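Read the structure below first, then the notes.
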Amino acid sequence: MPQLTLFNTLSRNKEAFVPLTPGQVKMYTCGPTVYNYAHIGNLRSYIFPDLLKKLLLQLGYSVQHIINFTDVGHLTSDEDLGDDKVEKAAARLGKSAWEISRFYAEAFQQDLQALNIAFPTRFTYATEYIPQQIALLEQLEAKGLSYTLPDGVYYDTASFADYGQLARLDIEGLNEGARVSAEGKQHKTDFALWKFSPADQQRQMEWESPWGKGFPGWHLECTAMIFAELGQTIDIHTGGTDHIPVHHTNEIAQAEGATGQKFVNYWLHGEFLVLDQERRMGKSEGNFITLQTLLDQGFSARAYRYLALTAHYRHFLTFSEEALKSAQTAYFKLKRLIQKLDASAHQGAEAAEAAYEQMLAALCDDLNAPKALGQIWELVQNKDIGGQPKISVLQRIDQVLSLALFDSADLPENNAAEIPPVVQDLARQRWEAKQARDFARADQLREALAEAGYAVKDAKAGYELVALDSSM
RNA sequence: GGCGACGUAGCCAAGUGGUAAGGCCGGGCUCUGCAAAAGCCUUAUUCGCCGGUUCGAUUCCGGCCGUCGCCUCCA
């Protein structure tokens, strides 16, 4: 078994992975705030933890994994103090905040399924851990790490010696005023642990607390849920790079401030998906593409997973329709090649095993999926290795990559069910003309089919219809 | 202003101090009535620019140019 090495944001270095308890891994993945659909950039950040988890399983570890839902919104901006995204979405759609968060949480889970992302051991909902969050806040208060202002209870970051170490923050240089400004905040990095409900309005989501009616600060929930589900120290915590300077920095301050123990041994952060020319994709930017949009365009969700795996998780991935198209073409071609493997050819088993070890080694080197994919292509096209050893290796590596390499259901040729009868009729006529060697008529009918949006592909014993739009 | 990342063929993208993975697209050929599919072959003397270290740098160091991210909820 190769040694698993992971790039740890704490040290900014690749480190050999050693779990707290031999053979067991506790990992936590920062989940979405459920006030809208996830976009494909968000989803990228759930693919690499999935890859990591499956690699750990393949290496023989047992894995306890939590993904949370932030189902209580937080501040939208400085101008909207007291308002939050979930409640805002609720107002816009005429639903309750609870309905909104449940709806988008379910939509998110459907996206995960479409992308072959395994569900975690548990999904946790922030609103189901309010007592734990209050208890954590009490702990912090007892240690003198918090102070109360008219609008909420704040964390006193100056009293936590290592504050900002994860992000290597230069606190003095932080953009003055860019952070949420609150009257009376003692230090610009101080953040809300509990916000009071505005006196003049009734929030849908608010709870009683020793400090007054209100709702928890954003950072508190993750820490409280980790403590409740996984313990005070965990192995791995994953999220997007944008969480390093604020969210994860604050989580560490809360957790280690409260317990005095190391919170997380390995912090892993995924880099953004970016749009060519157009900067990052963001929920707030309004320029986001959902998985459903891609499906509507005729793309396979797994082709997007394939695309995500062609880039290293710690690097930007430039997304464009062209890139996705080429990924889907490659992905379908790879599956067709695999379908045609001759399982009765057994030669080259040793070389195949060596290739498998190399793939595993690539993945163990900080999840180098692009390299492993390259090795898959080389294996599949290697003429000295028979179909059987190839299949054996591909099945095992696909348990980690989850590309459904042996499932041909999403290939265009297997999706002919919804072709209109008229078109099918034309195709049949063409086939008959062709059998009668009336090629002029056959070509005419081919053109007619093209106009109807379908291409005909002949095989020896019959033909297939492929919709031109979805044959990308 | 502070912190940080990136710049490899038309596109996506690995990579190493010793002479550039893989995929897509393109081109050529085979096969096919045509077409598609499939198969075979081919596609960067070069890794943003300029210096330095070195026998040797795309890979290390310095400078410059360019692009981008975070510092406010965002993956």
Side-chain angles (χ1 to χ4, degrees), chain A residues 12 29-33 35-36 38-49 70 73-80 84-86 88 164 167-181 188-189 218 238-247 249 269-274 276-277 279-285 288 306-307 309-312 314-320 322-331 333-334 336-337 340 362 368-378 381 413 434 437-440 442-443 446 450 455-460 463-464 466 471:
Chain A
R12 307 290 157 101
T29 295
C30 264
T33 303
Y35 67 95
N36 203 335
H39 61 248
I40 56 176
N42 294 325
L43 292 169
R44 185 184 182 202
S45 290
Y46 301 95
I47 292 175
F48 87 84
T70 299
H74 300 283
L75 304 183
T76 48
S77 73
D78 291 355
E79 293 75 51
D80 282 320
D84 79 51
K85 290 183 169 183
V86 172
K88 232 180 161 181
R168 314 209 162 162
L169 289 186
D170 169 9
I171 292 165
E172 294 312 312
L174 288 175
N175 209 357
E176 196 86 50
R179 289 198 162 212
V180 173
S181 54
K188 58 185 159 187
T189 49
W218 176 41
T238 75
T241 52
D242 54 331
H243 282 155
I244 297 170
V246 178
H247 183 48
T249 289
H269 292 97
E271 192 47 270
F272 283 141
L273 176 93
V274 294
D276 190 34
Q277 306 296 338
R279 302 178 158 209
R280 66 169 291 190
M281 190 177 289
K283 284 187 188 175
S284 306
E285 265 82 339
F288 66 89
Y306 182 97
L307 175 67
L309 295 183
T310 64
H312 190 98
R314 281 194 292 114
H315 291 334
F316 287 105
L317 168 60
T318 310
F319 179 86
S320 65
E322 186 186 3
L324 180 58
K325 218 179 236 186
S326 78
Q328 174 152 296
T329 303
Y331 173 58
K333 183 176 169 187
L334 182 60
R336 290 192 187 105
L337 288 171
K340 290 191 304 187
N368 195 335
K371 193 171 181 181
L373 270 182
Q375 291 165 341
I376 285 179
W377 279 95
E378 285 174 351
Q381 296 177 326
E413 56 266 34
K434 185 190 162 178
R437 305 197 66 81
D438 181 357
F439 296 126
D443 286 346
R446 174 186 285 287
V456 191
K457 297 199 233 171
D458 289 340
K460 275 177 193 140
Y463 58 89
E464 287 169 6
V466 178
S471 63

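Reminder, nothing fancy here: chain letters follow the sequence lines and each chain counts from 1. Please read these numbers as outputs of a predicted model, since none were measured by experiment.
Summarising the local packing, CZ of A:R12 is surrounded by more than 12 heavy atoms from other residues, nucleotides or ligands at distances under 6.0 Å.
Closest to the A:A442 side chain, of the nucleotides B:rG33, B:rA14, B:rC25, is B:rG33. Looking at the side chain of A:Y306, the nearest of the listed nucleotides B:rA14, B:rG23, B:rA75 is B:rG23. Taking every side-chain heavy atom of A:P370 into account, B:rA13 is the closest of B:rA75, B:rA38, B:rA13.
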Between protein and nucleotides 6-12 of chain B, map the contacts as a letter string: B base, S sugar-phosphate only, - none, heavy atoms under 4.0 Å, written 5' to 3'.
-----SS
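Nearest heavy-atom pair across A:T238 and A:P49 is OG1-CG, 3.5 Å. Looking at every heavy atom in both residues, A:F48 comes nearest to A:H269 through CZ-C, 4.0 Å.
A search for side chain to side chain contact (heavy atoms under 4.5 Å, CB included) contacts involving A:Q381 returns A:L337, A:W377, not counting sequence neighbours. Residues that satisfy the salt bridge (Lys or Arg N to Asp or Glu O under 4.0 Å) test with A:R168, not counting sequence neighbours, are absent from this structure. With sequence neighbours excluded, the residues that form a side chain to side chain donor-acceptor pair (under 3.5 Å) with A:H247 are A:H219, A:E251. Remark: A:K434 engages A:D458 in a salt bridge (Lys or Arg N to Asp or Glu O under 4.0 Å) (not counting sequence neighbours).
Regarding A:E378, its CD atom lies at a distance of 11 Å from the C1' atom of B:rA14, rounded to whole Å. If you take CG of A:D443 and C1' of B:rG33, they are 8 Å apart, rounded to a whole angstrom. Going from atom CG of A:L174 over to atom P of B:rG2 covers 12 Å, rounded to whole Å. For the pair A:L169 CG and B:rG69 P, the computed distance is 19 Å after rounding to whole Å. Spacing between atom CH2 of A:W377 and atom P of B:rA13 amounts to 18 Å, rounded to whole angstrom units. Taking atom NZ of A:K371 as the reference point, atom P of B:rA14 lies 12 Å away to the nearest angstrom. Atom-to-atom, CD1 of A:I171 to C1' of B:rG4 comes out at 16 Å; the value is rounded to the nearest Å. Rounded to whole Å, the distance from CG on A:L273 to P on B:rC68 is 16 Å.
Nearest-nucleotide assignment on RNA chain B puts the 5′-proximal partner with A:R446, out of A:R446 and A:H247. Comparing A:A327 and A:E271 against RNA chain B, the residue whose closest nucleotide sits nearer the 5' end is A:A327.
Not a single donor-acceptor contact under 3.5 angstrom links the side-chain atoms of A:D170 to the base of B:rC71.
In a base pair of the Watson-Crick type (N1 to N3 plus N6-O4 or O6-N4) or a G-U wobble (N1-O2 and O6-N3), with each distance short of 3.5 Å, B:rA5 is matched with B:rU67. Nucleotide B:rU59 forms a pair with no other nucleotide shown, judged by Watson-Crick or G-U wobble geometry with both contacts under 3.5 Å. Across all strands shown, B:rA21 forms no Watson-Crick or G-U wobble pair with both distances under 3.5 Å. Figure legend. B:rC29 is base-paired to B:rG39; pairs are counted as Watson-Crick or G-U wobble with both atom distances under 3.5 Å. Pair assignment for B:rC34: none, as no Watson-Crick or G-U wobble contacts are both less than 3.5 Å.
If you take atom C1' in B:rC60 and the same atom in B:rG22, they sit 27 Å apart, rounded to whole Å.
When the side-chain nitrogen and oxygen atoms of A:N368 are compared with OP1 and OP2 of B:rA14, none of them lie within a distance under 4.0 Å.
One distance of note links CG of A:D443 with CG of A:D438; it measures 9.5 Å at 0.5 Å rounding.
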For nucleotides 39-44 of chain B, list the nitrogen or oxygen atoms of the protein found under 3.5 Å from its nitrogen or oxygen atoms, one pair per line.
{"residue": "B:rC40", "atom": "OP1", "partner": "A:K383", "partner atom": "NZ", "Å": "3.2"}

